[in-house]
Amino acid sequence: MANWNNLDTLSSYKELVKTAGSVDLTKSMAGESGAERVKNYTVPMACGLDFNYAAKNVDEDVLAKLADLAQEAELVDKYAELYNGAVINTGEKRLVLHQLCRGQLGNDVIADGVNKRKFYAEEQKKIAEFANKVHAGEITNAAGEKFTTVVQIGIGGSDLGPRAIYLALENWAKANNTFKMEAKFISNVDPDDAAAVLNSIDVAHSLFVLVSKSGTTLETLTNESFVKNALKEAGLDASKHMVAVTSETSPLAKSSDYLAAFFMDDYIGGRYSSSSGVGGAVLSLAFGPEVFDAFLRGAHEEDKLAANRNIKENPALLDALIGVYERNVLGYPATAVLPYSQALSRFPAHLQQLDMESNGKSVNRFGEPIDYVTGPIIFGEPGTNGQHSFYQLLHQGTDIIPLQFIGFRNSQIGTDVDIQGSTSQQKLCANVAAQIVAFAVGKDDENNNKKFAGNRPSSIIIGDRLTPETVGAILSHFENKVMFQGFIWNINSFDQEGVQLGKVLAKKVLAHDTDGALAVYSDLLNI
């Protein structure tokens, strides 16, 4: 069994602190030395991707101390305990098994008397069979007509990950003739969200996927009622237009209100659930089960790399260690995720939840307060849009904010236009290359308004094209990065008590059980 200790008690961390400020990117990334760094500071990822960290404030000395930290903190051992079925979620006393949805890395995991890998695989098989029947017209609406649209109703992890992946693969699927059904998403309890989606679709030819593990999520059940009312007003039987993704013990599991129910369990956290039926149902319906299977394969291949003890052969572990170095040694408060791919437009939003809900903790795994900072603020937008938005602060603001770029050599659609001597994709790639060097090296100028201090660190994940496999690998990379950082900080990355208090108070407001400031705000909002 691995030992769980606070970061500031580790001797390797104390040695790491001594290296603060030892690498100046304005020098190490300039000229020929910069060219050599770019060539040498790359770690292969799965599915033909590469993680390049040349523009990070590390050198061989820092990397050696990061490797010592990984060894002393027993990070790979803790990962092995996780995928072999240890109770890693100490807050809720649960296993953490989202990787098992896409493949098995270690021993059989038996929980509640069930082989969990077989359970997840069987549920995905059920989803695949259902999706194929929908696509073949064997499951239809009451008029015997094919469903043309799938609408996911869920919030948080039931929305952000699946929505980000759908948008990531929509153009790819159309270009590769695997696009089956348009997907829409309803998440916000704001009635304008549901109304906007319902006004944009033909409800008679729409299939709705209700996602709630507990079957009691207030926002999701409210939106379900909104949708059911719309179906009723259209003269349709809602039970012929809805399926559920839930747990076997929820009130939705055996309800006649749904055409079918697909199951997950408490060992799959919401923000880690895209590999389960939460993502599987909507993505299999939208693109076909084969595409979702390819996504799972990419994620599983990247999961395998996370078990490597050599940090230079383990991209997620290396990324995590560098991130902790930036947060705890260099004192940087945030990280910007900057995909130079419009298809990944909602990926930063998903990573906000993944990272900030997981590692936004101030007590350790045992409930004891800690004396060091943990998860950074995560934000981002796709390039080149972000360049015309918040890059001013990134380049010349008073805070240094590490950057994580994602870029591809080719577009998903495979066609482009040559304009002024270069294609659109070449212009996109030119921008990301320019930004990495501009952030690192900066520019001197007698006019301080035009001076760029540089030494602003970044990494980039580079691939040939965004595909189902590479989307899966990228998702796995960030999930495992967050996991490793939680291990380093000795916190529980798999519960989210921070979202509960607001829910409790909201229920008090709706029950008119309020006093003090809560009562006044309720009156101001006319509740």
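FYI, side chains are in, hydrogens and waters are out, and symmetry mates aren't considered; it's all heavy atoms of this structure.
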Ring centroid separation [X] to [Y] under 6.0 Å:
| X | Y | answer |
| --- | --- | --- |
| Y166 | F287 | yes |
| Y79 | F484 | yes |
| F390 | F379 | yes |
| H241 | F147 | yes |
| F494 | Y272 | yes |
| F179 | W172 | no |

* Would you call E122 and K126 a salt bridge, using N to O less than 4.0 angstrom? -> no
[X] and [Y]: which non-hydrogen atoms are nearest, and at how many Å?
| X | Y | value |
| --- | --- | --- |
| L305 | A46 | CD1-N, 3.5 Å |
| K184 | I201 | CG-CG2, 3.9 Å |
| D303 | R102 | OD2-NE, 2.7 Å |

Looking at [X] and [Y], would you say the former's side chain and the latter's main chain have a donor-acceptor pair under 3.5 Å?
| X | Y | answer |
| --- | --- | --- |
| D77 | A2 | no |
| N229 | S225 | no |
| N364 | I491 | no |
| S206 | D202 | yes |

* Any salt bridge (Lys or Arg N to Asp or Glu O under 4.0 Å) involving residues 268-283? Give me the pairs, sequence neighbours left out, ordered by first then second residue. => R271-E357
* Does the side chain to side chain donor-acceptor pair (under 3.5 Å) test come out yes or no for E92 and Y267, once each step is laid out? -> CA-CA 10 Å; E92 297 168 312; Y267 308 128; over 6 Å; no
* Asked: Do the side chains of L344 and P382 get nearer than 4.5 Å, heavy atoms only?
  -> no
* **Residues which pass side chain to side chain contact (heavy atoms under 4.5 Å, CB included) with S158, listed by chain and number, not counting sequence neighbours** => V211, V278
* **Set of residues satisfying side chain to side chain donor-acceptor pair (under 3.5 Å) with respect to N176, sequence neighbours excluded** => none
